[in-house]
2 protein chains.
Amino acid sequence: MHKPLFDHIQKFISLEPSDIDKLESCLEISKVKKKEHILEEGQICNTMYFVVKGCMRQFIINSKGAEQTLQFAIENWWITDYLSYHNHVPSSFYLQAVENSEVIAIDKTVLESLLIEIPNLERYFRIVTQKTFGAMQMRIKFLFTMSAEERYHHFNDNFPEFVQRVPQYMIASYLDFSAEFMSKIRAGKV
Amino acid sequence: MHKPLFDHIQKFISLEPSDIDKLESCLEISKVKKKEHILEEGQICNTMYFVVKGCMRQFIINSKGAEQTLQFAIENWWITDYLSYHNHVPSSFYLQAVENSEVIAIDKTVLESLLIEIPNLERYFRIVTQKTFGAMQMRIKFLFTMSAEERYHHFNDNFPEFVQRVPQYMIASYLDFSAEFMSKIRAGKV
DNA sequence: TCAAAAACTTGAACTACTTCAAGAAATTCA
DNA sequence: TGAATTTCTTGAAGTAGTTCAAGTTTTTGA
């Protein structure tokens, strides 16, 4: 079902029924099994993904061979590799399902011509991207100013359900500390 | 002069002469003296700034009273606090001139109505924001996977002129290590 | 339902960085 | 020009985190 996407869009702009039809015909919903990749390092990313259900993450494999989560996307978030998408260069990232998920995929070529046809949709993406960018600016602030323990508590206070929902080692790497250290923070052993 | 902005815009989209006039009438260029603030913590940010000449930075004052640079913007970059701008909440950041600079300021109310009038301009901002977001994703990757020394060399290799141009302690905090440690890296004493 | 896999915990040893304090060098501007 | 300010450097001591290795608990799926 595409409804969650249309609901999300209509929070920011309103679409003509004809535009809704046009957009609808371009969307492809797909189920992604837990741990399945929708993008791998080295591939060119030609798709934007909207999470209808479940949870996706962007991660890399670092020089020690360990996975490092850089970004999560839950229901109603967009996720893609914007650099690869816009510059048509190989991606540095993996995009993977953390849970069994459903995503709406929009192909770049299709989307770009759709955006020219529907200026209001262009507006939607501009606003959503700028808001996400704002959230990213705050994230950098937190990473720069808080200790590991403060970052954990802050995240836990703000997204308690989410912390329950995904493996702790992913949260640890998203907050930029080791899984072992997170375990100690939780046990009050720091 | 507004030319640098129009040149930048026309790299991504093309504007009708009438649109150029319309936009032109909304722009306000202003000189910002080195160290002068164009936004302070606690204020609501209602403006987007385009750097025509010079260099601006976004920084915070951390719990120890030290300045921490989170972002730079040189010629042809936009800078603002997107969270404060979109959610109309007090900013967590300062925006300050690193050098004597010239910026084009566009007021939010003016810009938002302009964007509705000129869909192509909406497109420009969508593309520019997404590209900047892509750069930010890479930045997070570098912060997460490289050591302080690697981050310094990587930055220095990619932006050698820029490293000459701004005080080293600002670069150090932008790369998330202390000015003293940067000094030691440069001296080969690590 | 139960064996295998994935996720979490613990302590001990280590290290990449920070902090502090003081001096030297470079830049600014009256 | 030269005094004041800003920026950079250096070494010594400290610490917030990592790494490793091994064991325990929880979850998964045939």
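Below 30°, between 30° and 60°, or above 60°: for Y82(A) and H86(A) the angle between ring planes is below 30°, a parallel geometry.
The stretch residues 141-154 of chain A touches DNA chain D through S147(A), A148(A), each having a heavy atom under 4.0 angstrom from the strand. Shown for residues 166-173 of chain A: residues whose heavy atoms fall under 4.0 angstrom of DNA chain C, namely P167(A), Q168(A), Y169(A).
In summary, the side chains of D81(A) and S91(A) do present a donor paired with an acceptor at a separation below 3.5 Å, with no hydrogens or angles considered.
Remark: R57(B) pairs with E67(B) by the salt bridge (charged side-chain N to carboxylate O under 4.0 Å, His left out) rule, at least two apart or across chains. Evaluation of the side chain to side chain contact (heavy atoms under 4.5 Å, CB included) rule for K33(A) yields E36(A), N100(A) as partners, not counting sequence neighbours. Qualifying salt bridge (charged side-chain N to carboxylate O under 4.0 Å, His left out) partners for K34(B), counting only residues two or more places apart in sequence or in other chains: none. Applying the side chain to side chain contact (heavy atoms under 4.5 Å, CB included) test to Q168(A) and every residue at least two apart in sequence or in another chain returns M182(A), R186(A).
One axis for each end of the helix from dT1(C)-dA30(D) to dA30(C)-dT1(D), each built from five base pairs, and the angle between them comes to 60° at 10° resolution.
Hydrophobic side-chain contacts under 4.5 Å tie M56(B) into a cluster, directly or through other members, with V32(B), I38(B), L39(B), Y49(B), V51(B), I79(B), L95(B), V103(B). Grouping Ile, Leu, Val, Met, Phe, Trp and Tyr by side-chain contacts under 4.5 Å, direct or through others, puts I61(A) with F59(A), Y94(A). Applying the under-4.5 Å side-chain rule to Ile, Leu, Val, Met, Phe, Trp and Tyr, the cluster around I116(B) consists of that residue alone.
The CZ atom of R123(A) sits 12.0 Å away from the CG atom of L121(A) when rounded to the nearest 0.5 Å. The structure places CG of L114(A) at 4.5 Å from SG of C26(A), a figure rounded to the nearest 0.5 Å. Note that NZ of K22(A) is 10.5 Å distant from CG of L15(A), once rounded to the nearest 0.5 Å.
Contact annotation: K189(A) does not reach the phosphate of dT9(C) (side-chain N/O to OP1 or OP2, under 4.0 Å).
Contact of the I9(B) side chain with the L23(B) side chain is registered, since non-hydrogen atoms from C-beta on lie closer than 4.5 Å.
If you take CD1 of I185(B) and P of dT18(C), they are 9 Å apart, rounded to a whole angstrom. To the nearest angstrom, P of dC17(C) lies 12 Å from CG of L175(B).
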Under 3.5 Å, which N/O atoms of the protein pair with N/O atoms of nucleotides 23-25 of chain C?
none

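Separation of the F162(A) and F72(A) ring centroids falls under the 6.0 Å cut-off.
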*Give the B/S/- string for nucleotides 18-30 of chain D, one per nucleotide from 5' to 3', where a protein heavy atom under 4.0 Å of the base yields B, of only the sugar-phosphate yields S, and otherwise -.*
BBB-------S--

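Side chain of N87(A) to backbone of V89(A): no donor-acceptor contact under 3.5 angstrom is found.
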